[in-house]
Amino acid sequence: MALSSSLTMYKASMIVPNRAAVSTAKFRGQGIMCSLSTLISHNLLLSKSVSADLKRSNFFPNEEQLFGKNGICCHALETEKAFGTAEKAIEFSKGNKFQLDDILDAQQFDRDILTAIFQVAHDMEGIEKNSPGSQILKGYLMATLFYEPSTRTRLSFESAMKRLGGEVLTTENAREFSSAAKGETLEDTIRTIEGYSDIIVIRHFESGAARRAASTAGIPVINAGDGPGQHPSQALLDVYTIGREIGQLDGIKVGLVGDLANGRTVRSLAYLLSKYKNVKLYFVSPDVVRMKDDIKDYLTSKGVEWEETADLMEVASECDVVYQTRIQKERFGERIDLYEQARGKYIVDKNVLAVMQKHAVVMHPLPRLDEITVDVDSDPRAAYFRQAKNGLYIRMALLKLLLVGW
Amino acid sequence: MALSSSLTMYKASMIVPNRAAVSTAKFRGQGIMCSLSTLISHNLLLSKSVSADLKRSNFFPNEEQLFGKNGICCHALETEKAFGTAEKAIEFSKGNKFQLDDILDAQQFDRDILTAIFQVAHDMEGIEKNSPGSQILKGYLMATLFYEPSTRTRLSFESAMKRLGGEVLTTENAREFSSAAKGETLEDTIRTIEGYSDIIVIRHFESGAARRAASTAGIPVINAGDGPGQHPSQALLDVYTIGREIGQLDGIKVGLVGDLANGRTVRSLAYLLSKYKNVKLYFVSPDVVRMKDDIKDYLTSKGVEWEETADLMEVASECDVVYQTRIQKERFGERIDLYEQARGKYIVDKNVLAVMQKHAVVMHPLPRLDEITVDVDSDPRAAYFRQAKNGLYIRMALLKLLLVGW
Amino acid sequence: MALSSSLTMYKASMIVPNRAAVSTAKFRGQGIMCSLSTLISHNLLLSKSVSADLKRSNFFPNEEQLFGKNGICCHALETEKAFGTAEKAIEFSKGNKFQLDDILDAQQFDRDILTAIFQVAHDMEGIEKNSPGSQILKGYLMATLFYEPSTRTRLSFESAMKRLGGEVLTTENAREFSSAAKGETLEDTIRTIEGYSDIIVIRHFESGAARRAASTAGIPVINAGDGPGQHPSQALLDVYTIGREIGQLDGIKVGLVGDLANGRTVRSLAYLLSKYKNVKLYFVSPDVVRMKDDIKDYLTSKGVEWEETADLMEVASECDVVYQTRIQKERFGERIDLYEQARGKYIVDKNVLAVMQKHAVVMHPLPRLDEITVDVDSDPRAAYFRQAKNGLYIRMALLKLLLVGW
């Protein structure tokens, strides 16, 4: 779908607080007043079944519905601690469901939407086999249209769809649509595929391809990576993992390590972390692949503190998160000596673990080569396989949000 | 399955009309009398649920069942206008369900079967997510056995199966079965696959492969294209689209444009249109790729009027349907000049649209290159993406008919 | 999972027979007494619904439950005749379900486990579309992780999963995970995939890969062939087919024909047949590809009679099973003359059929070239396509056992 949003934002302060809101604020243990609308929107984000209850009760829930039987208050407290509170209320009006249209790039998310997506992802973690929640996408068909193979990403999306009861049409052979002999445009392919499915997950070798697909399609499109461009579900799962592992996003210190010039992962992560308060970023990389100025300038403009350094050990001892990435040999051209030197210098091993704080974690977008040694795997602070698993929950959340709304 | 049919045909005039038939004829607004059998068979084709009702009432429906609650009469009128009335009644006897065995080539369909398939396809358009109709193939397993990739066709069949609640085993790698090292015959492969599935959709590079598969298999086989041979579901969706777009098949004028010598699509379409009354065909093509004599002779023998011309504009102004196809460069050998000339001459663009009638449509089997310009897409008469979507309904109908009957 | 088993074995004679056991023995028509535990374990193996009944009745079934309504007694008789009786009782304790962890090689099965698997496979044959049995794996997700294509094996596993209501994530492109550019280890890939699925079916080009996968994964792993190594589900289906076709496994005579040196199929089969009593094996092969000494020595150590011969006709007239395999040209190096001679000598054709006993059968792991002539196919003793179909039931049984237990 074309990028547009039915989100209507307004200041919470514009709403007259009422009895329910007051009691709510009390239960939430926060010193500020918040409106019923805020509350409802938050609770709606947390639980589809409560959402149904609220609709039935015509938007005037009693306290038992909100706090009594469902234990939602605690849930809200927990997820808000990890992912932050939306600063503005998200309006929910009956019939006009809050609806994301497409997932195309990291820039489309503000803090409210991030919070909302993470809360849905957190709900997804609790869905059990053959429970009603596992069937919310029953009858829906997702097409995975991959113009280049990416088995990891494809299986993650397909698992997400099937875990919610949906079905999948799959091709890793999408180039065949536009083979030399045939020469069909991406737009024509999308018009055909949208006739067969309810949502398209596209992986393409050209930057911008997902946006072209979305502007053609009458159904939602998710960008599963378009060349050197964007891979927004990876960016979301990275931020979600930090929230899940550290318990908060405001006030965290994150060291980004490795190839910071070319990795779309670390660039998107830096961008998204700027949405949170008092974040500090450390850039640890060989000179050849330093973080580019566009991101640094953006962070500065947003008041995000950042620091460039070559000292992995010091950063490791300071940070909540050491986010390691792969350094690609080809970036160094003929200076193989510089490459070998860089690799050796930035490996996360037992020595790095030894200086890290007890609550801190090591992350990695995977696949890894030897930039994290295998003996790190058994340390509870090795979060990279949990991170991969979180990709499943984020993708479940995105599919749910795009297909059936909150 | 071997090609055989349990269809028993007989003349409607052999049936003594009764009260129900008389009132039926009145409701249908047709000047002719028609038998109860005709009626029942038609209504059975329209709706599985009515079919069940009729079976329960032992073939003596009351008027309410036929015309009252279900609004079937209007439905029947509409589909009959578009697809024609079967000239002979199709006998339906309890327990012996009308059953297609395999779908192998366009030649296996007569007008009655076409009408019946199109009526089922039309019903398929109305099936909603999670409705009982969306589960009629639950528990059935389709194997898509593709010896060459054809993502468009494969996804269309797989979507059709899943839209009806069925499941899919898929391979685009079927040549691996008979790789040089292994050398298994197609027949042996089919005997293995039929043990794993309930229906086989086969795409093969050799003409006649689907028929060989069908004569081996104890389960239904659908030909999804065998080399230069047949692609019957494409032929069916073309005729179905004309019926849906123009509202009738008798009396239509169709211009076939482009490579008429090699395109199995246009050849099959010409063949199937000969089943209808007062059809006129125009063949518009470069000399090198003119429609071959076998089809022309067949049309003449059936009393179908046809005309060969080079004037696309005149044909476009006369026709109900402009059916455009791709002209392949390699057909012109070294005469690239002739190829370029031919392409330029037979492009459907805004100028062609300007002379076409308001009710007429442009069709194309897809993929297209530049033989239809992109600015045509937004015109409501551009029917090619609706045509692709109709492929889904036709394939749903075929799967339903082959697996569970009417 | 790491190889371990919660099976507890104990001698049946250690159990004091009670009333139910006595009446049971009578109904089973066996002259020996057998314990309630034996009985329960056997019946549990036969039927999940009975198992549920037994659990409800707190392990003291009445006779009607065991013999009355379900016709289980006959079933037990039949399967015991074909597959042998477990010599030791398998303990079933409530809550601690008998559980296989992984399926890695033929050596992990003893006679009791074989009997149990075959009984479950036999139950699988009776599962009908949309019956409760067809949904026992609903909500489970199987990942088919194929590092080399094997369409036959993949479709067999995927059909098995879907016939039981489960879902599938599929890749024939698993090498892409560990492509040169990426270099991910198998262990890392497994840690990612286990986050997306409930069971992994792996096909790999390296011997031992499945065992490495299993020792990493926290979910069950099935080896679907690892290079020159093992392919245990093929071995199981071969033994199961002999039991189903001949009606017994004790006392059978099997001729293994063709390439006995390199075929993992015949090697595993010889190994597994040594679990049964009074088995006699004939090895019929060209000199170049004779059965290796390790298997011969093993058979001798187990008291299994075997004989090496070049006379296919004599063996065919003696045996219950002629198990034919493909002779690969490349095994003969430059001695093409020897290859041609060997092939001609060991073809199963009408002449071989003519000397075979009426109850005997021809088997083949497929694909076949011309080592069995096509005119053999129509003889009822040609069991190879039934054998392929049995692969489905064996794989259904393995998936059920690994995912939900008995």
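Protein chains get the first letters and strands the later ones, always in sequence-line order, with residue 1 at the start of each. If you're wondering where the values come from, they're calculated on a predicted model, not measured in any experiment.
- Heavy atoms closer than 4.5 Å to chain C are found nowhere in A:Asp370, neither backbone nor side chain.
- The line from CG of C:Leu164 to CG of C:Leu137 is 4.5 Å long, rounded to the nearest 0.5 Å.
- Comparing A:Lys389, A:Arg152, A:Gln135, A:Lys162 by heavy-atom pairs within less than 4.5 Å of chain C, the highest count is held by A:Arg152.
- Across A:Thr170, A:Val374, A:Val168, A:Thr151, the residue that shares the most heavy-atom pairs under 4.5 angstrom with chain C is A:Thr151.
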Q. Can you list the steps and then say if A:Gln387 with A:Asp238 is a side-chain hydrogen bond (donor to acceptor under 3.5 Å, both in side chains)?
A. CA-CA 7 Å; A:Gln387 181 185 358; A:Asp238 286 343; 2.8 Å; yes
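- In this structure, A:Tyr147 and A:His204 have tilted ring planes: the angle between them lies in the 30° to 60° band.
- Interface residue A:Arg154: only side-chain heavy atoms are found under 4.5 Å from chain C.
- Heavy-atom pairs under 4.5 Å with chain C were tallied for A:Glu158, A:Arg368, A:Glu128; the largest tally goes to A:Arg368.
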Q.
Assess the residue pair A:Thr241 and A:Asn390 against the criterion (side-chain hydrogen bond (donor to acceptor under 3.5 Å, both in side chains)); give the C-alpha distance rounded to whole Å, side-chain angles, the decisive distance to 0.1 Å, and a yes or no.
A. CA-CA 7 Å; A:Thr241 299; A:Asn390 286 336; 2.9 Å; yes
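- The shortest side-chain heavy-atom distance between A:Met161 and A:Met396 does not fall under the 4.5 Å cut-off.
- If you measure heavy-atom distances from C:Ser197 to chain A, the contacts under 4.5 Å come from the backbone alone.
- For the set C:Asn173, C:Thr189, C:Ile193, the count of heavy-atom pairs under 4.5 angstrom toward chain A peaks at C:Asn173.
- If you tally non-hydrogen atom pairs under 4.5 Å between each of A:Ser134, A:Ser131, A:Pro149 and chain C, the highest count goes to A:Pro149.
- Under the 3.5 Å distance criterion, the side-chain polar atoms of C:Ser159 are left unmatched by any main-chain donor or acceptor of C:Leu155.
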